[in-house]
Amino acid sequence: ELSILNTILDNEKDENQRMDLTLQKARIHKSTVNWKDAVKVLMPYSKSKSQTILKELGNALCRLHRGSPSGRKYGQGQGFLKQSADMDPNDAETFGFLAWSWEPLDSRKAEKYYAEAYGLRPTNPYYLASFLEFELANGKHFPGISLLEPAMRAAIRSCRAHADVNIELPRSLFVIGRFHLLLGKPDQGLSAYIEAVDICL
């Protein structure tokens with residue numbers, strides 16, 4: 001697919017089409033966790049006005065330089081994500097990326113952005129999972145977590161639907177496992193983890 005996209009890019013003159021093709025290339029690199037090449041193809045468009053380009057570039061930079069969260073490149077990635085958020089304050093994915101980027105630096109900012117992502121897309125199971133696991137990992141207690149049971153059960157159904165059609169794998173199965181654990185169903189949680197590990201292997 002990358003080879004086909006490169007061939008098309010070599011013959012494409014329209015700059016907007018070239019940006020779209022470049023974004024497709026970056027997402028392929030993202031799907032294979034190849035952050036270095038994702039950054040390489042997106043960086044020439046760092047001064048563009050494309051909110052999606054800035055979002056993907058910012059996320060890729062932060063992922064690539066996660067080992068040095070106080071470094072210049074990591075900060076540059078966060079800057080692109082902030083630009084993306086300013087351009088589209090309703091894009092939950094940008095806030096999810098921002099939250100993840102702030103985890104090693106400022107837990108309050110991370111919590112704020114996770115809450116914003118979930119607030120924008122309350123029916124998305126992955127934003128609910130990220131918000132809950134960050135809160136629990138930071139020692140927060142939810143005495144009323146049973147009130148979230150309907151939301152967690154709906155999230156499990158959504159993730160299972162994703163897994164059944166082979167998308168969001170293995171992520172969807174790991175999220176199913178975590179929700180089952182929170183619902184007090186360790187056997188079902190373990191079963192989902194086993195499915196996920198089997199895919200990873």
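- The CZ atom of Arg63 sits 7.5 Å away from atom CZ of Arg66, with the distance rounded to the nearest 0.5 Å.
- Side chains of Gln83 and Leu57 form no contact here, defined as non-hydrogen atoms less than 4.5 Å apart.
- Using cut-offs of 30° and 60° on the angle between ring planes, the pair Phe131 and Tyr118 is parallel.
- The backbone N or O of Lys13 sits nowhere less than 3.5 Å from a side-chain atom of Arg18 that would complete a donor-acceptor pair.
- Taking all atoms of both residues into account, the shortest heavy-atom contact from Leu2 to His29 is CD1-CE1, 3.7 Å.
- Residues Ile167 make up the rest of the hydrophobic cluster containing Val165, defined by ILVMFWY side-chain heavy atoms closer than 4.5 Å, directly or through other members.
- Side-chain atoms of Ser31 come within 3.5 Å of backbone N or O of Ile28 as a donor-acceptor pair.
- Linking ILVMFWY side-chain heavy atoms closer than 4.5 Å, directly or via other members, places Leu182 and Tyr127 in a single hydrophobic cluster.
- For the residue pair Tyr74 and Pro69, the shortest heavy atom distance occurs at CD2-O, 3.1 Å.
- Clustering ILVMFWY residues whenever any of their side-chain heavy atoms sit less than 4.5 angstrom apart, transitively, puts Leu136 in the very cluster that holds Ile176.
- We find that Arg160 and Glu195 are joined by a salt bridge, their nearest charged nitrogen and carboxylate oxygen being less than 4.0 Å apart.
- In this structure, OH in Tyr113 is found 5.0 Å from CG in Leu98, a value given to the nearest 0.5 Å.
- Contact record, Cys200 with Pro170: SG-CG, 3.8 Å, taken as the closest heavy-atom pair.
- In this structure, Ser191 contributes its side chain and Asp187 its backbone to no donor-acceptor pair below 3.5 Å.
- Leu23 places none of its side-chain heavy atoms less than 4.5 Å from the side chain of Met19.
- Side chain of Asp88 to backbone of Ser84: no donor-acceptor contact under 3.5 angstrom is found.
- Shown here for Leu54 and Ser46, the closest heavy-atom pair between the two residues is CD2-O, 3.4 Å.
- With a 4.5 Å cut-off on side-chain heavy atoms, Leu21 and Gln24 count as touching.
- A single hydrophobic cluster is seen to contain both Phe134 and Leu120, as judged by linkage of ILVMFWY side chains at heavy-atom distances under 4.5 Å, directly or through other members.
- Environment of NZ in Lys30: crowded, with over 12 heavy atoms of neighbouring residues, nucleotides or ligands closer than 6.0 Å.
- At least one side-chain heavy atom of Leu132 sits under 4.5 Å from a side-chain heavy atom of Met152.
- In the hydrophobic clustering of ILVMFWY residues, with side-chain heavy atoms under 4.5 Å counting as a link, Val175 and Leu183 come out together.
- Looking only at distances, a side-chain donor or acceptor of Ser130 sits under 3.5 Å from a matching main-chain atom of Tyr126.
- The CZ atom of Arg178 sits 11.0 Å away from the CG atom of Leu173 when rounded to the nearest 0.5 Å.
- In this structure, Ser101 and Cys62 approach most closely via the heavy-atom pair CB-SG, 3.9 Å.
- Using a 4.5 Å heavy-atom cutoff, the side chains of Asn59 and Trp35 are in contact.
- Between Trp102 and Gln78, the closest side-chain pair of non-hydrogen atoms falls below 4.5 Å.
- Asp37 pairs by the salt bridge (charged side-chain N to carboxylate O under 4.0 Å, His left out) definition with nothing, not counting sequence neighbours.
- Atom CG of residue Leu42 and atom NZ of residue Lys55 lie 12.0 Å apart, to the nearest 0.5 angstrom.
- Rounding to the nearest 0.5 angstrom, the gap separating the CD atom in Glu1 from the CG atom in Asn6 is 11.0 Å.
- Residue Asn16 holds its CG atom at 10.0 Å from OG of Ser48, rounded to the nearest 0.5 Å.
- No hydrogens or angles considered: nothing links the side chains of Glu111 and Asn138 as a donor-acceptor pair under 3.5 Å.
- Taking every heavy atom of both residues into account, His162 and Ser172 meet most closely at CB-CB, 4.2 Å.
- Arg153 is not listed as a side-chain neighbour of Phe179, based on a closest heavy-atom distance of 4.5 Å or more.
- Defined by atom type and a distance below 3.5 Å, a donor-acceptor pair is present between the side-chain atoms of Tyr114 and Glu103.
- Checked against side-chain contact (heavy atoms from CB on, under 4.5 Å), Leu190 has the following partners two or more places apart in sequence or in another chain: Ile194.
- No chain of hydrophobic side-chain contacts below 4.5 Å, direct or via other Ile, Leu, Val, Met, Phe, Trp or Tyr residues, connects Leu9 to Tyr45.
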As a quick check of understanding, evaluate side chain to side chain contact (heavy atoms under 4.5 Å, CB included) for Lys40 and Leu64, giving each step before the final call.
CA-CA 11 Å; Lys40 183 178 178 181; Leu64 180 61; over 6 Å; no
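- Looking only at side-chain heavy atoms (C-beta outward), Met43 and Leu61 come within less than 4.5 Å of each other.
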